[in-house]
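Here is the structure we will look at, set down as structure tokens.
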Amino acid sequence: MSLQFGRKINYFPLLLCLIISLIVGYIMFLVSHQLTIATVFGVFALIIVPIIYSLNIGSSYGYWKVDDQGLHYYDYTTIGKKIKAILLPIVTKESLVKYPTIKSISLVVGEGMTVPEGIGPNGPISASFYVVGSMVEHFESPYYLAFKLNNNQEVALDLSKNAKDKTSIKQVISLLETNTNTKVNLVKEKF
């Protein structure tokens, strides 16, 4: 069984960056009538626009999947990795987390988010409320799965794009609990 969440990064962000850079360069050419100034501003825009676009790439293109091998996801933890994914989407490789390397799993639900039925104190997922360390400080989404691995690495996988698909979320939680022999903890956060 394979369950997929979010969407894969494609060439749209790169195309958007190129178009914006050309527009900036063209506007500067119309204003200054100098090709050198237009080129400098166009190149400057080609550097700045991917940096700005990278701020929201995790929530826009947070593709990941769960299958029999483990968790497959794209690592967008640093700005450099995000910019590389925007400029070279075909080169971006999936990371794999195998089930035996997972130490703990948490379903983090932000204020105002609805939790799928059966999750909580009376459901199959325990409702221990704790903070997932520094993960909460760096992750913008109000709805995600947080994994702590045996090597103390933390991985957060966004569920907000699929928040209305309660069936898939229940299935992924059940699949994770079965393959890791670990109970998923529910964490309620105020953002």
Side-chain angles (χ1 to χ4, degrees), residues 1-9 54-82 84-85 92-191:
M1 175 194 277
S2 177
L3 296 167
Q4 299 177 3
F5 296 89
R7 61 184 184 154
K8 285 186 179 183
I9 193 160
S54 72
L55 298 175
N56 292 325
I57 195 169
S59 59
S60 300
Y61 294 98
Y63 175 79
W64 60 279
K65 72 177 180 178
V66 177
D67 61 14
D68 294 334
Q69 294 177 348
L71 302 168
H72 302 266
Y73 71 99
Y74 291 99
D75 185 9
Y76 299 134
T77 54
T78 65
I79 290 179
K81 290 178 183 178
K82 291 176 185 180
K84 180 182 174 187
T92 306
K93 302 284 185 208
E94 277 186 348
S95 297
L96 173 66
V97 174
K98 295 189 179 201
Y99 293 119
T101 63
I102 298 173
K103 185 191 289 186
S104 67
I105 308 168
S106 301
L107 175 64
V108 180
V109 180
E111 191 174 6
M113 295 292 296
T114 57
V115 179
E117 186 179 321
I119 297 176
N122 300 322
I125 297 178
S126 69
S128 61
F129 301 100
Y130 65 94
V131 178
V132 188
S134 61
M135 180 71 66
V136 174
E137 297 170 12
H138 301 292
F139 203 77
E140 302 126 6
S141 174
Y143 199 39
Y144 61 96
L145 282 170
F147 300 88
K148 187 158 190 169
L149 307 181
N150 290 333
N151 62 2
N152 289 326
Q153 179 185 355
E154 294 179 349
V155 176
L157 302 176
D158 192 14
L159 287 169
S160 59
K161 290 279 184 213
N162 303 78
K164 296 193 186 308
D165 188 6
K166 307 294 186 215
T167 306
S168 292
I169 293 171
K170 286 180 188 177
Q171 288 176 338
V172 77
I173 289 170
S174 175
L175 184 66
L176 289 168
E177 286 183 336
T178 303
N179 288 320
T180 61
N181 294 323
T182 304
K183 200 79 163 152
V184 175
N185 297 307
L186 177 65
V187 179
K188 290 192 177 181
E189 287 296 326
K190 291 183 182 182
F191 290 93

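Source: prediction; values computed, not measured. Atom set for the values below is all heavy atoms of this structure, side chains included, hydrogens, waters and symmetry mates excluded.
Within the cation-pi definition used here (under 6.0 Å to the ring centroid, within 45° of the axis), Lys8 qualifies as a partner of Tyr63.
Applying the salt bridge (Lys or Arg N to Asp or Glu O under 4.0 Å) test to pairs two or more places apart or on separate chains, none has a residue in residues 94-109.
Rounding to the nearest 0.5 Å places CG of Leu71 at 8.5 Å from CG of Leu145. Atom CG of Leu175 and atom OG1 of Thr180 lie 9.0 Å apart (nearest 0.5 Å). Within the model, atoms CD1 of Ile105 and NZ of Lys148 stand 14.0 Å from one another, a figure rounded to the nearest 0.5 Å. With rounding to the nearest 0.5 angstrom, the NZ atom of Lys84 is 15.0 Å from the OG atom of Ser54. To the nearest 0.5 Å, atom NE2 of residue His72 and atom OG of residue Ser2 are 7.5 Å apart. Atom CD1 of residue Ile173 and atom CG of residue Leu107 lie 5.0 Å apart, to the nearest 0.5 angstrom.
Between Leu3 and Ser168 the shortest heavy-atom distance is CD1-O, 4.1 Å. Here the closest heavy-atom approach between residue Tyr144 and residue Asp158 is recorded as CB-CA, 3.9 Å. Heavy atoms only, all atoms of each residue included: Ser104 and Thr182 are closest at CA-CG2, 4.1 Å.
Applying the side chain to side chain donor-acceptor pair (under 3.5 Å) rule to Ser95 yields no partners; only residues at least two apart in sequence or on another chain are considered. Every salt bridge (Lys or Arg N to Asp or Glu O under 4.0 Å) that Lys81 has, sequence neighbours left out, goes to Asp75. For Asp67, there are no salt bridge (Lys or Arg N to Asp or Glu O under 4.0 Å) partners at least two apart in sequence or on another chain. Looking at residues two or more places apart in sequence or on another chain, you find no ring-ring contact (aromatic ring centres under 6.0 Å, His included) involving Tyr99. Every residue was checked against the side chain to side chain contact (heavy atoms under 4.5 Å, CB included) condition with Asp68, not counting sequence neighbours, and none meets it.
Between Tyr73 and Val155, the closest side-chain pair of non-hydrogen atoms falls below 4.5 Å. The shortest side-chain heavy-atom distance between Phe5 and Leu157 does not fall under the 4.5 Å cut-off.
Side chain of Ser174 to main chain of Lys170: no donor-acceptor pair is present (N/O by atom type, distance under 3.5 Å, no hydrogens or angles). Side chain of Trp64 to main chain of Gly6: no donor-acceptor pair is present (N/O by atom type, distance under 3.5 Å, no hydrogens or angles).
Counting non-hydrogen atoms of neighbouring residues, nucleotides and ligands closer than 6.0 angstrom, the CD1 atom of Ile79 reaches no more than 12 such neighbours.
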